[in-house]
There are 4 protein chains.
Amino acid sequence: MAVSQRQKQKTETKKFLIETAMEQFAKKGLSATRTADIASAAKVSHGTIFLHFPTRERLLEEVIEEFGSRTSRRMHELINGDCNLEEVLAAHLKGIGECEGFYTALISETAVLPEGARNALIMIQSAISHHILQVAERGMDAGTIKTMPFDLFFNTWIGLIHYYLSNRALFSPEDSVISRHGQRLTDHYMNLISAKGGI
Amino acid sequence: MAVSQRQKQKTETKKFLIETAMEQFAKKGLSATRTADIASAAKVSHGTIFLHFPTRERLLEEVIEEFGSRTSRRMHELINGDCNLEEVLAAHLKGIGECEGFYTALISETAVLPEGARNALIMIQSAISHHILQVAERGMDAGTIKTMPFDLFFNTWIGLIHYYLSNRALFSPEDSVISRHGQRLTDHYMNLISAKGGI
Amino acid sequence: MAVSQRQKQKTETKKFLIETAMEQFAKKGLSATRTADIASAAKVSHGTIFLHFPTRERLLEEVIEEFGSRTSRRMHELINGDCNLEEVLAAHLKGIGECEGFYTALISETAVLPEGARNALIMIQSAISHHILQVAERGMDAGTIKTMPFDLFFNTWIGLIHYYLSNRALFSPEDSVISRHGQRLTDHYMNLISAKGGI
Amino acid sequence: MAVSQRQKQKTETKKFLIETAMEQFAKKGLSATRTADIASAAKVSHGTIFLHFPTRERLLEEVIEEFGSRTSRRMHELINGDCNLEEVLAAHLKGIGECEGFYTALISETAVLPEGARNALIMIQSAISHHILQVAERGMDAGTIKTMPFDLFFNTWIGLIHYYLSNRALFSPEDSVISRHGQRLTDHYMNLISAKGGI
DNA sequence: TATGAATGAGGCTTCATTCAT
DNA sequence: AATGAATGAAGCCTCATTCAT
């Protein structure tokens with residue numbers, strides 16, 4: 001009926017705003033993107049933004065949440081039960097690579113983000129870490145990778161990746177960091193954690 | 001005489017402003033700290049800031065430069081010719097630890113900083129990496145640590161440290177990240193790069 | 001419909017701001033009038049000014065342009081094909097007189113105006129000079145007025161008028177310079193350029 | 001004695017400041033010249049300015065007064081008892097030409113000047129007008145120039161000159177307006193006021 | 001007397017948010 | 001529901017003037 005039709009329309013618009021916002025955030029950075037930029041990119045009026053999101057802060061949070069569930073879904077698709085560690089790391093990078101711009105903006109600007117946004121990011125990371133650590137545990141048990149505390153295992157990996165993403169201007173000014181360095185980073189990390197000495 | 005007295009006074013004030021700014025930046029973050037905040041923390045008028053620094057941007061750059069030379073000086077003091085790698089990493093963390101708050105703010109907000117500020121940070125990193133890599137090279141030659149490309153060696157370490165610093169709220173909400181996790185991070189990294197398998 | 005209603009409203013506001021700005025400029029002078037003065041005179045918020053004009057400078061230019069087209073339109077209305085010179089000069093003064101305050105401010109402060117504003121004024125003057133010189137040429141051809149270079153003809157006239165306007169405090173502190181001295185100035189200038197000797 | 005020595009020194013400094021200020025005003029315009037500019041051009045401290053002049057406004061007035069007496073003195077030197085009108089006008093232009101930059105700045109920015117400064121300018125003009133009118137009167141009596149009210153006689157001339165000076169960017173962007181157009185302007189004005197018809 | 005560091009009022013501009021239509 | 005004009009609280013910076021030395 002008419003009402004539900006409207007509801008649907010409204011939901012569509014909201015989705016579209018989230019999508020557009022994500023693109024703008026990816027392109028110009030989170031703090032540099034003004035609500036008016038998003039409105040004009042989405043070809044809606046400035047006021048419309050605030051019809052769907054009470055504040056800019058809440059809009060940002062919803063964009064991050066959308067990104068989170070998208071990433072999480074993608075991880076599930078890419079990883080199946082008997083993946084080895086290398087495949088999981090590659091899947092992680094692949095997942096990130098699909099929204100590299102936004103993800104980079106997100107981790108680069110975490111510090112200046114409102115708390116809600118920061119928490120949303122933490123949720124995402126912990127979901128990812130869960131996936132990776134599950135496989136890592138098997139590796140350690142099997143003796144193929146060095147034994148080490150799980151948190152350090154994950155944080156070393158994620159720290160390495162974030163460092164490259166955050167310094168894209170240094171490492172890959174032209175194209176995607178993941179497509180340019182992903183393979184090398186995975187190989188390096190596998191080498192580091194491998195139970196065998198040296199290369 | 002009078003003239004040098006005056007100049008000294010002015011230099012003192014400028015130093016003090018840099019010092020105060022560094023504290024404020026450390027406490028509230030770089031972008032969240034207003035020039036007026038710094039002025040009132042330093043108990044000078046707002047205009048005084050602009051007597052010593054032409055723009056807020058230039059003030060920020062000078063604070064970073066001061067931090068850089070301080071860090072660099074500290075590294076030199078802490079490291080002597082026959083340091084082993086573990087000692088160098090510890091020295092690095094000790095150096096950072098002395099201005100942990102500011103350093104954390106700096107790396108956490110790089111993305112939203114003006115170019116000059118970003119470049120200043122890059123200079124600092126490259127000075128540090130030089131120190132560390134020198135020792136690492138000896139270790140690889142001697143076969144005590146795994147052979148690997150220098151850039152990855154450094155970037156994995158710095159990425160790990162930055163990840164912990166950036167997520168201080170997660171890892172050490174109350175006190176310093178370095179004093180709480182520094183030793184463990186060094187041990188972990190030494191284990192990772194050690195030529196011997198497992199622990 | 002709604003859209004055009006909105007646009008009309010916005011256009012109205014902009015017009016009103018230009019109008020108000022012109023009054024304020026006329027009353028207090030161009031450089032002495034702050035954007036905040038204009039806002040409060042127009043009973044809008046300070047920010048509204050910048051919704052309609054990107055900078056104070058651009059606002060000034062638009063006010064000058066509005067004045068220019070108003071003046072030009074008025075000249076056309078007042079002058080018809082077979083005007084004699086005296087009528088044209090009178091029309092010129094009449095046109096100016098209608099915005100005497102603003103015009104006076106404009107020519108009195110040209111030197112401290114941004115370039116765009118200066119250029120806008122030059123355009124106006126050249127349109128006026130065209131009108132006047134056309135008729136002057138006929139007079140010289142017919143031998144009723146002295147032969148002289150066109151530029152000097154116009155510049156002497158305009159210089160005289162501007163001198164009186166700029167020194168209003170001297171010549172007509174209470175009321176309009178044009179209404180008090182216009183006739184006399186026209187008579188004098190006609191006498192000066194008349195081909196016949198003396199009065 | 002010591003005291004008068006000091007006094008003399010102080011007077012010298014003051015003279016020098018006035019001289020330097022005049023140059024700066026000529027070069028950059030009156031309102032665009034800041035007290036700090038003058039101080040640094042004179043190689044004295046900023047505070048020194050306010051030791052000799054209570055306010056910027058008063059400094060400006062004294063500069064104008066100095067210019068006035070200099071101009072007046074120069075007029076006396078250039079004009080002797082039996083000058084004809086043409087010679088007097090030429091002398092006027094010559095006098096102006098010697099400080100053309102400052103004089104131009106002065107008349108171009110009169111409107112934005114404080115009252116004291118405006119009054120000082122008026123005094124100067126009236127001294128000059130006296131000189132010129134004296135000779136003009138003889139010409140009118142002798143029937144060599146058209147009869148006309150004295151004020152209009154002077155104001156037309158001065159308006160013409162000011163118009164050219166004020167619009168130097170239009171008429172003589174490179175060099176001095178007086179040296180480029182002075183002769184032509186004098187000739188034109190002589191022609192205008194000549195009792196004989198036409199050229 | 002001279003210095004020049006310090007002051008602080010005030011200007012322009014930005015942008016998230018509100019509200020009448 | 002959508003619009004977009006209007007709001008107003010900050011933020012950065014300038015510069016004449018003061019005052020301790």
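Just so we're on the same page: letters track the sequence lines, and every chain starts at 1.
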| Which parts of nucleotides 16-21 of chain E does protein reach within less than 4.0 Å, heavy atoms only, written one letter per nucleotide 5' to 3' as B for base, S for sugar-phosphate only and - for none? | BBB-BB

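Ion pairing of C:Glu62 with C:Arg58 is present here, as a side-chain N (NZ or NE/NH1/NH2) and a carboxylate O approach within less than 4.0 Å. At a threshold of 4.0 Å, the pair A:Arg34-A:Asp37 counts as salt-bridged, since one of the basic side-chain nitrogens sits closer than that to a carboxylate oxygen. Under the 4.0 Å criterion applied to side-chain N and carboxylate O atoms, B:Glu66 and B:Arg70 are assigned as salt-bridge partners.
Checking the phosphate oxygens (OP1, OP2) of E:dG8, no side-chain nitrogen or oxygen of B:Ser45 falls inside 4.0 Å. The phosphate of E:dT3 has OP1 or OP2 within less than 4.0 Å of a side-chain N or O from D:Thr48.
At whole-Å resolution of the value, CD in A:Glu12 and C1' in F:dA1 are 15 Å apart. The distance between atom CZ of D:Phe16 and atom P of E:dA2, rounded to the nearest whole Å, is 13 Å. Between the NE2 atom of A:His52 and the C1' atom of F:dT3 there is a distance of 12 Å, given to the nearest Å. Distance, D:Ile38 CD1 to F:dA16 P: 9 Å, rounded to whole Å. The distance from atom CG of C:Leu51 to atom C1' of F:dT3 is 14 Å, rounded to the nearest whole Å. For C:Ile49 and F:dA5, the CD1 to C1' distance is 14 Å, given to the nearest whole Å. Taking atom NZ of C:Lys10 as the reference point, atom P of F:dT3 lies 15 Å away to the nearest angstrom. Nucleotide F:dG11 holds its P atom 20 Å from the CZ atom of B:Phe53, rounded to whole Å.
Between B:Leu60 and B:Pro114 the shortest side-chain heavy-atom distance falls below 4.5 Å. Annotation: side chain of A:Lys14 is in contact with side chain of A:Phe53 (closest heavy-atom distance under 4.5 Å).
Although no hydrogens or angles enter the test, the distance criterion places a donor-acceptor pair under 3.5 Å between the side chain of A:Ser108 and the main chain of A:Thr104. Looking at A:Gln24, its side chain never comes within 3.5 Å of a backbone N or O of A:Ala41 through a donor-acceptor pair.
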| request: Give DNA chain F the dot-bracket treatment, 5' to 3': Watson-Crick (N1-N3 with N6-O4 or O6-N4) or G-U (N1-O2, O6-N3) under 3.5 Å, [ ] crossing, | other strand. | output: .||||||||||||||||||||

| request: Carefully, step by step, assess C:Leu113 and C:Leu106 under the rule side chain to side chain contact (heavy atoms under 4.5 Å, CB included). | output: CA-CA 9 Å; C:Leu113 261 34; C:Leu106 187 53; 3.9 Å; yes

| Test log, rule salt bridge (Lys or Arg N to Asp or Glu O under 4.0 Å), inputs D:Lys15 and D:Glu19 | CA-CA 6 Å; D:Lys15 263 191 191 167; D:Glu19 186 61 33; over 6 Å; no

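Comparing C:Thr13 and A:Lys43 against DNA chain F, the residue whose closest nucleotide sits nearer the 5' end is A:Lys43.
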